[in-house]
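Below is one structure, written out as structure tokens; the observations come after it.
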Number of protein chains: 2
Amino acid sequence: MTGTWHEQLRARGYRVTPQRQLVLEAVSRLGHATPEEICGRVQETARGVNISTVYRTLELLEELGMVTHTHLGHGAPTYHLASEADHVHLVCRGCGEITEVGPELVEGLVSRLEADLGFGTDVRHLTVFGRCRNCRP
Amino acid sequence: MTGTWHEQLRARGYRVTPQRQLVLEAVSRLGHATPEEICGRVQETARGVNISTVYRTLELLEELGMVTHTHLGHGAPTYHLASEADHVHLVCRGCGEITEVGPELVEGLVSRLEADLGFGTDVRHLTVFGRCRNCRP
DNA sequence: ATGTATGCAAAACGTTTGCAAGTTG
DNA sequence: CAACTTGCAAACGTTTTGCATACAT
């Protein structure tokens, strides 16, 4: 986290473009958004933006550590600002509801994987499927 | 678990076909197999079998609780016999290695989700992404 | 005989690519 | 002005669908 994201881009030889600003802004405002949803949002401001640009930008922003993605269901992945993504997702197979829980819930698991196997968990990518209170048999 | 799977199918009005037997057998022998791999295996015995039949059969077998799937990477999901699937997957982002760990490693997480939120976890679908010992920075 | 299951071909879906034209620094 | 970025269109891998035919019960 050194400098603004404009500086982060330039420092690595990338350029600041309107498209990139808009995609980052859309990820920030939408949260849990698929590439298609992000593209829709961006196009509200700049009509011509193509979905392939959105994909390329998301890949870049993820590489820079500004956004992350998770798979919450069968279809497209969803994107988050990395700075707001420090949580685990619960997905209910019954009603589809998505709940975010703090990372402390998996602290035990994470430290056991670390201690027993030397495995470093990507907590932000973790999604737990199951059934919520209301949808249980 | 009442009766053979032939009986389970018939009891629900489904039919026992060679294709279904072969798909179940392929899932059993291959483990961690994608639909395409399963299809390949099935075709070693019965040439004409179509991939769409494999998809339809996997969906059916999953509905019946005989197989489960997980997403171990970006591409196609992989299938397991449900009876052999009682483990959690670790996927290393560095080398791609897949490790299976016993369900006891997530016992703490599962019971906390249960106690705190009434959430029933599908342990078999759980996949943890991260970096293994050899691929850590 | 009846209705389920299959093969085929085509469409749907999400994502990636090559390339010429446009923009950024 | 040179390099990076974009839009477009086409290709890609995976999954789903409609429909006529074949098969299990």
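Proteins get letters first, then strands, A, B, ... in listed order; numbering begins at 1 in each.
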Taken to the nearest whole Å, NE2/H71(B) to C1'/dT14(D) is 12 Å

task: Check every strand shown and say whether G75(B) touches a base, only sugar-phosphate, or nothing at a heavy-atom separation below 4.0 Å.
output: nothing

Rounded to whole Å, the CG-P distance (N50(B) to dA10(C)) equals 13 Å

note: I51(B), atom CD1; dT17(D), atom P; distance rounded to Å ~ 16 Å

Point to revise | Any T17(A) side-chain nitrogen or oxygen under 4.0 Å from OP1 or OP2 of dT6(D) | key: yes

Margin query: Contact between Q8(B) and Y14(B) at the side-chain level, heavy atoms closer than 4.5 Å - yes or no?
Written below: no

Quiz item: Crowded around E59(A) CD? As in, over 12 foreign heavy atoms under 6.0 Å?
Solution: no

Side-chain atoms of S52(A) come closest, of dT16(D), dG7(D), dA5(C), to dG7(D)

In terms of heavy-atom contacts, V128(B) and F119(A) come closest through O-CZ, 3.8 Å

note: R47(A), atom CZ; dC8(D), atom P; distance rounded to Å ~ 13 Å

For a quick test of reading the model: is some side-chain N or O of Q19(A) closer than 4.0 Å to OP1 or OP2 of dT23(C)?
no

ask   = Just checking T34(B): base, sugar-phosphate only, or nothing, at a heavy-atom cut-off of under 4.0 Å?
value = nothing

Does a side-chain N or O of Y55(A) approach OP1 or OP2 of dT15(C) to a distance below 4.0 Å, or not? yes

L58(B) atom CG is separated from dT15(D) atom P, nearest whole Å, by 10 Å

Rounded to whole Å, CD of E63(A) lies from P of dC4(D) at a distance of 14 Å

Would you please confirm or rule out a distance under 4.0 Å between OP1 or OP2 of dT25(D) and any side-chain N or O of R10(B)? yes

Between Y14(A) and P77(B), the residue closer to the 5' end of DNA chain D by nearest nucleotide is Y14(A)

E36(A) atom CD is separated from dA12(C) atom C1', nearest whole Å, by 12 Å

Notebook entry, point to check: If we only count heavy atoms from C-beta on, is the P35(B) to L58(B) side-chain gap below 4.5 Å?
Noted result: yes

**OP:** Confirm from the modelled atom types if R15(A) and dA3(D) form a donor-acceptor pair under 3.5 Å, side chain to base only.
**Re:** yes

Y79(B) atom OH is separated from dT14(D) atom P, nearest whole Å, by 13 Å

Run the ring-centre check on H80(A) versus H89(A) and record whether the distance is less than 6.0 Å. yes

Worksheet item: Between dT6(D) and T53(A), is there an OP1 or OP2 to side-chain N/O distance shorter than 4.0 Å?
Response: no

With sugar-phosphate meaning primed atoms plus P, OP1 and OP2, does R56(A) contact a base, only sugar-phosphate, or nothing at under 4.0 Å between heavy atoms? base

